[in-house]
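This report concerns only the one structure given below.
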There are 2 protein chains.
Amino acid sequence: MTKSAPAELKLREQVVLKLRELILGGELPAGQRVAEIPISERLGVSRTPVRQALTILAQEGLLSAAGKRGYVVHAFSAKDIIDAIEVRGILEGAAARLAAEAGPSEELLQALENCIADGAAIALQDHYGMDDDVRWVEINGRFHRLIVEASANMALISALALNNKLPFASAEAVLGGGTPSRQIARRHHEVLVRAHADHQKIVEAMRLRQGARVESLMQEHARLAEVNVTLFRPD
Amino acid sequence: MTKSAPAELKLREQVVLKLRELILGGELPAGQRVAEIPISERLGVSRTPVRQALTILAQEGLLSAAGKRGYVVHAFSAKDIIDAIEVRGILEGAAARLAAEAGPSEELLQALENCIADGAAIALQDHYGMDDDVRWVEINGRFHRLIVEASANMALISALALNNKLPFASAEAVLGGGTPSRQIARRHHEVLVRAHADHQKIVEAMRLRQGARVESLMQEHARLAEVNVTLFRPD
DNA sequence: TAATGCAATATTGGATCCAATAACCGGACT
DNA sequence: AGTCCGGTTATTGGATCCAATATTGCATTA
């Protein structure tokens, strides 16, 4: 394991991170068996942290237990991914409704407006620059996180945290993630513009405490991420 | 650890079960520090499975990391519990809606009707017998499980599985769980009758594919469990 | 040639061992 | 008397060791 990050991070957590990366990045393809020894050698750690990482990833659903033969990388169908996106919509929608009904604080609204201002700088320019995606992913993540946390509902926050670990399910994954070709970039821009418009309506509804409206807006907003499935997963 | 159940269960899982029991049963009170060695001695196992169990329970939210001092039992406020019940309502409501919209199979409807018939035998008698609670918990659990699985949405099922591990959050916990006094028993019966009526309406709505209706019915149905909070947690 | 049984091997899972380090206690100094 | 410092101890976290067991490959035989 690269000792570059002993930074306050338990070894087992570094392994979890690394393995997630390998799985989501496709280096460990679905169905691939994951044994302790090869992984521990590959990462240069002992079997102990690897074993713990495997149980954690199994809990998250990225690995499935294969009887006495350890684990295999779980195969997610296109339906599984769409379902996870739907669940995110349900949960984030509920979060937005709860926040709206509780009466959003002025700070929250201000922070959301800031996200929108930052987002506008990217979405409303005619030229879609190099690393505009990563900037937008950051802004978008901030926007969603603010709303989820504004729900002030721990169970809801935890449920979403779990869901976000599923492939393509998190809000951060709207743009897919790979290095985009020119064609993909155009698609990115389209999605991004629509997402920005959604954000505006969501904050408006939130300000007016329109709980039901903000809930359905948020649900539909999540479905923007479905384009990735058809783009990256032709099955 | 009692070797009575080496039954296909990894030691670490037995430890998880046992610790959950101790925590939810109040033997490990909130705030109590949980160190590896005392637990391993108490259960008669080595530290290895205990350590793994602790990370799992931390993932579930029952323990919280306490820096370098291991873990402590997480303290759930009354609000936390009500929030978790609300989340269950949201998720089970969504599950019911999805099942209704997809068109419930005749087998599903039949199985649900069976639950209702079994439940009627308990709810509609004038005398509320000894272990009627445990029978009803079983029937109720079956009812809810059928609907959740009928959603055929793995992400949803997983999210609910996580939520159900929080104290008092699962459908099985409607009746609280302790050995009830006579007064509590009367309260039980009231709740049970209302739950039974809810179940009937839910199946009716499901049969008619009334997605929105079954969703809100299910959400409200979950809130029946809130009585336990006021009953058992005066904070 | 195919099936079967035995042996060699690979692999998991738990127990133990060791190092790092943070909390704790006591004493000395201001 | 209070505070700071140093040593002792407790405790986590990773590495290694060992036992149990399933899997695989090979040889033998019908």
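Convention: sequence-line order gives letters A, B, ...; per-chain numbering from 1.
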Should [X] and [Y] count as an ion pair when the cut-off is N to O under 4.0 Å?
X        : Y        : value
B:Lys18  : B:Glu21  : yes
A:Lys79  : A:Glu86  : no
A:Arg135 : A:Asp118 : no

Could you check how far [atom1] of [X] sits from [atom2] of [N], rounded to whole Å?
X       : N      : atom1 : atom2 : answer
A:Leu54 : D:dG14 : CG    : C1'   : 15 Å
B:Tyr71 : D:dT11 : OH    : P     : 16 Å
A:Leu9  : D:dG14 : CG    : P     : 10 Å

**Side chains of B:His199 and B:Asn140, donor plus acceptor under 3.5 Å** = yes
**Item:** Where protein sits on nucleotides 16-22 of chain C, one letter per nucleotide: B base, S sugar-phosphate only, - none, heavy atoms under 4.0 Å
**Value:** BB----S
**Request:** With heavy atoms under 4.0 Å as the rule, sort A:Gln52 into base, sugar-phosphate or nothing.
**Result:** sugar-phosphate
**Request:** Any salt bridge (charged side-chain N to carboxylate O under 4.0 Å, His left out) involving residues 149-170 of chain A? Give me the pairs, sequence neighbours left out, ordered by first then second residue.
**Result:** A:Glu60-A:Lys165
**Request:** May I have all residue pairs that pass salt bridge (charged side-chain N to carboxylate O under 4.0 Å, His left out) and include part of residues 44-59 of chain B, sequence neighbours excluded?
**Result:** B:Glu36-B:Arg47, B:Glu36-B:Arg51
**Asked** With B:Glu172, which residues qualify under side chain to side chain donor-acceptor pair (under 3.5 Å), at least two apart?
**Response** B:Arg145
**Asked** Quick one, which residues of residues 31-40 of chain A touch DNA chain D with a heavy atom under 4.0 Å?
**Response** none
**Request:** Would you indicate whether A:Arg223, at its atom CZ, is surrounded by more than 12 heavy atoms from other residues, nucleotides or ligands within a distance under 6.0 Å?
**Result:** yes
**Fill in**
Rounding to the nearest 10°, end axes of the helix from C:dT1-D:dA30 to C:dT30-D:dA1 built from five pairs each make an angle of 10°
**Complete:** Tested for side-chain contact (heavy atoms from CB on, under 4.5 Å) against B:Leu19, the lone hit among B:Val16, B:Val15, B:Leu17 is B:Val15
**Request:** Only one of A:Asn164, A:Val148, A:Leu156 passes side-chain contact (heavy atoms from CB on, under 4.5 Å) with A:Leu91; say which it is.
**Result:** A:Leu156
